[in-house]
Amino acid sequence: MFKKSVNYSRILICSDSHLPNHHEDTIDFYSAIINKLKPTYCCHVGDLCDFSSLQVNRNIDPNIDSPVLELTKTREAIKEFEKLFPKLDITYGNHDLRLQRKSENMGIPSDFIKGFNQLLNITADWKWHQKLLIPLPSGQDLFVTHNFKANILQSAMGLNCCFACGHFHTQMQLSYASSPTQLYWAMCVGTTLNPKSDAFKYSEM
C-alpha cells in the first residue's frame with residue numbers, strides 16, 4: 001500500500017497494545033514520544049485489542065472479564081488512543097482476529113460481524129489492513145505486518161526490503177544487514193501490555 005501524499009519522514013510504529021490489558025504508563029509513554037519526535041506518520045502493527053474473553057484454542061479463564069465488560073473497557077481505552085492518534089493505519093493481529101475466528105468456528109458468516117471501527121466506537125481516521133508497504137525517504141520500501149517469521153533480519157533479506165513486525169512479546173530489536181546493493185534493517189516492535197494482567201496468566205504455565 002503506497003500513499004504518495006503522506007509524509008513518511010518520521011514514522012512511529014506501535015504494536016501489541018492488547019487493550020484493555022495495557023500497561024498503566026502506555027498513554028504517557030506514547031505521549032512523550034509523540035511530543036519529542038513529532039512523527040509525520042503513525043501505524044500500529046497489530047494486537048491493538050486483546051479479546052482475552054474470546055479464546056479460540058484454549059479454555060477461557062473464568063476469573064477474567066466477561067466479553068461485554070472487556071468490550072466496554074476496550075472502548076474506553078480506545079478513546080485515550082484516539083486523542084494521541086487522530087490518524088492511524090493498523091494491521092490485523094492474531095488477537096484482533098479472535099472474534100472473526102470464534103465466529104467462523106460457530107458457523108457465523110463474516111457479513112454478520114461488525115467492522116472494528118464500528119464495534120469499538122472508533123471515530124478517528126483509523127484504517128485496518130492485512131499488511132502495509134511504506135515507501136521510505138531512503139528510496140527503500142518498508143514491509144509491515146503483525147507476524148511473519150521469528151528471524152526478522154532473515155525476513156527482511158528474503159523480502160528484499162526493510163521489515164517491521166510485532167507479535168513476539170519478549171523480542172524487541174533493531175537489526176541491520178547488507179548486500180553489495182542494499183542495506184536492510186528489520187525491527188521487532190515491543191509490547192505495552194501489562195504482564196501482571198490476569199489475561200496473561202496462561203504464559204506462566
Side-chain angles (χ1 to χ4, degrees), residues 1-3 6 8 11-22 26 30 41-58 60 67 70-71 73-75 77-82 84-134 141-150 152 155-156 158-159 161-169 171-172 186-193 197 199-200 202-203:
M1 182 201 72
F2 287 96
K3 293 182 179 179
V6 176
Y8 294 108
I11 300 173
L12 172 59
I13 304 177
C14 312
S15 183
D16 292 87
S17 302
H18 290 273
L19 306 178
N21 303 310
H22 53 300
T26 297
Y30 282 131
Y41 173 77
C42 300
C43 65
H44 194 292
V45 296
D47 283 358
L48 175 71
C49 306
D50 191 67
F51 292 138
S52 55
S53 59
L54 298 174
Q55 285 288 348
V56 179
N57 298 318
R58 65 171 61 91
I60 297 174
E70 183 183 15
L71 179 58
K73 290 182 177 180
T74 302
R75 287 170 171 169
I78 288 287
K79 290 178 182 177
E80 295 300 312
F81 265 66
E82 286 184 298
L84 289 175
F85 303 104
K87 296 188 69 171
L88 191 66
D89 283 321
I90 312 168
T91 60
Y92 297 105
N94 55 297
H95 280 251
D96 299 316
L97 294 174
R98 278 181 171 177
L99 175 59
Q100 178 182 330
R101 291 170 179 165
K102 188 86 169 180
S103 300
E104 290 171 351
N105 288 347
M106 299 297 292
I108 301 174
S110 58
D111 288 346
F112 284 60
I113 307 301
K114 293 180 180 180
F116 283 114
N117 284 1
Q118 184 180 5
L119 175 68
L120 300 171
N121 294 339
I122 294 170
T123 58
D125 184 9
W126 288 10
K127 293 181 173 61
W128 296 77
H129 312 267
Q130 294 293 337
K131 55 186 177 291
L132 294 167
L133 189 63
I134 298 171
D141 293 328
L142 169 62
F143 181 75
V144 178
T145 189
H146 180 66
N147 179 22
F148 195 67
K149 296 178 181 178
I152 59 172
S155 297
L159 292 164
C161 63
C162 298
F163 175 68
C165 71
H167 185 67
F168 304 104
H169 294 173
Q171 180 178 330
M172 182 179 67
M187 179 170 63
C188 185
V189 186
T191 177
T192 53
L193 64 80
S197 171
F200 301 109
Y202 67 86
S203 64

When you measure from the side chain of [X] to the backbone of [Y], do you find a donor-acceptor pair of N or O atoms at a distance under 3.5 Å?
X	Y	value
His129	Ile90	no
His44	Gly46	yes
Asp125	Pro86	no
Asp96	Asp47	yes
Ser17	Leu48	no
Trp126	Glu82	no
Thr26	Thr192	yes

Query raised in the report: If we only count heavy atoms from C-beta on, is the Phe148 to Leu159 side-chain gap below 4.5 Å?
Result: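 Yes - at least one pair of side-chain heavy atoms lies under 4.5 Å apart.
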Listed by chain and number, what are the side-chain contact (heavy atoms from CB on, under 4.5 Å) partners of [X], not counting sequence neighbours?
X	answer
Cys162	Leu136, Gln140, Leu142, Trp185
Ile113	Leu99, Ser103, Ile108
Lys73	Pro20, Asp65, Leu69
Leu71	Arg75, Leu119, Leu120

[atom1]-[atom2] distance between [X] and [Y], expressed to the nearest 0.5 angstrom:
X	Y	atom1	atom2	result
Gln100	Asn105	CD	CG	10.5 Å
Met106	Phe112	CE	CZ	14.0 Å
Phe85	Cys42	CZ	SG	5.5 Å
Cys49	Glu70	SG	CD	8.5 Å
Leu12	Leu84	CG	CG	9.5 Å

Closest heavy-atom pair and its distance - [X], [Y]:
X	Y	answer
Asp16	His169	OD2-NE2, 3.2 Å
Tyr30	Ser15	OH-N, 3.9 Å
Val189	Cys14	CG1-C, 4.1 Å
Cys161	Asp141	CB-O, 3.3 Å
Asn21	Ser52	ND2-OG, 3.9 Å
Ala186	Ile152	CB-O, 3.3 Å

Requested in this report: Evaluate the criterion side chain to side chain contact (heavy atoms under 4.5 Å, CB included) for residue pair Asn147 and Phe168; output intermediate values, then yes/no.
Outcome: CA-CA 8 Å; Asn147 179 22; Phe168 304 104; 3.2 Å; yes
Requested in this report: Walk me through it: do Lys131 and Phe143 pass the test side chain to side chain contact (heavy atoms under 4.5 Å, CB included)?
Outcome: CA-CA 7 Å; Lys131 55 186 177 291; Phe143 181 75; 3.4 Å; yes
Query - salt bridge (Lys or Arg N to Asp or Glu O under 4.0 Å) partners for Lys79, two or more places apart - result: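 Listed in chain order: nothing, the list is empty.
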Report task. Name all residues meeting the salt bridge (Lys or Arg N to Asp or Glu O under 4.0 Å) criterion together with Glu104; count only those two or more places apart in sequence or in a different chain, and write none if there are none. Result -> none
Query raised in the report: Only one of Asp50, Leu193, Ile78 clears side-chain contact (heavy atoms from CB on, under 4.5 Å) with Leu19; which?
Result: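 That would be Ile78; it is the only one of Asp50, Leu193, Ile78 passing the side-chain contact (heavy atoms from CB on, under 4.5 Å) with Leu19.
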Query raised in the report: In terms of ring plane angle, is the pair Phe51 and Phe116 parallel, tilted or perpendicular, where the classes change at 30° and 60°?
Result: parallel
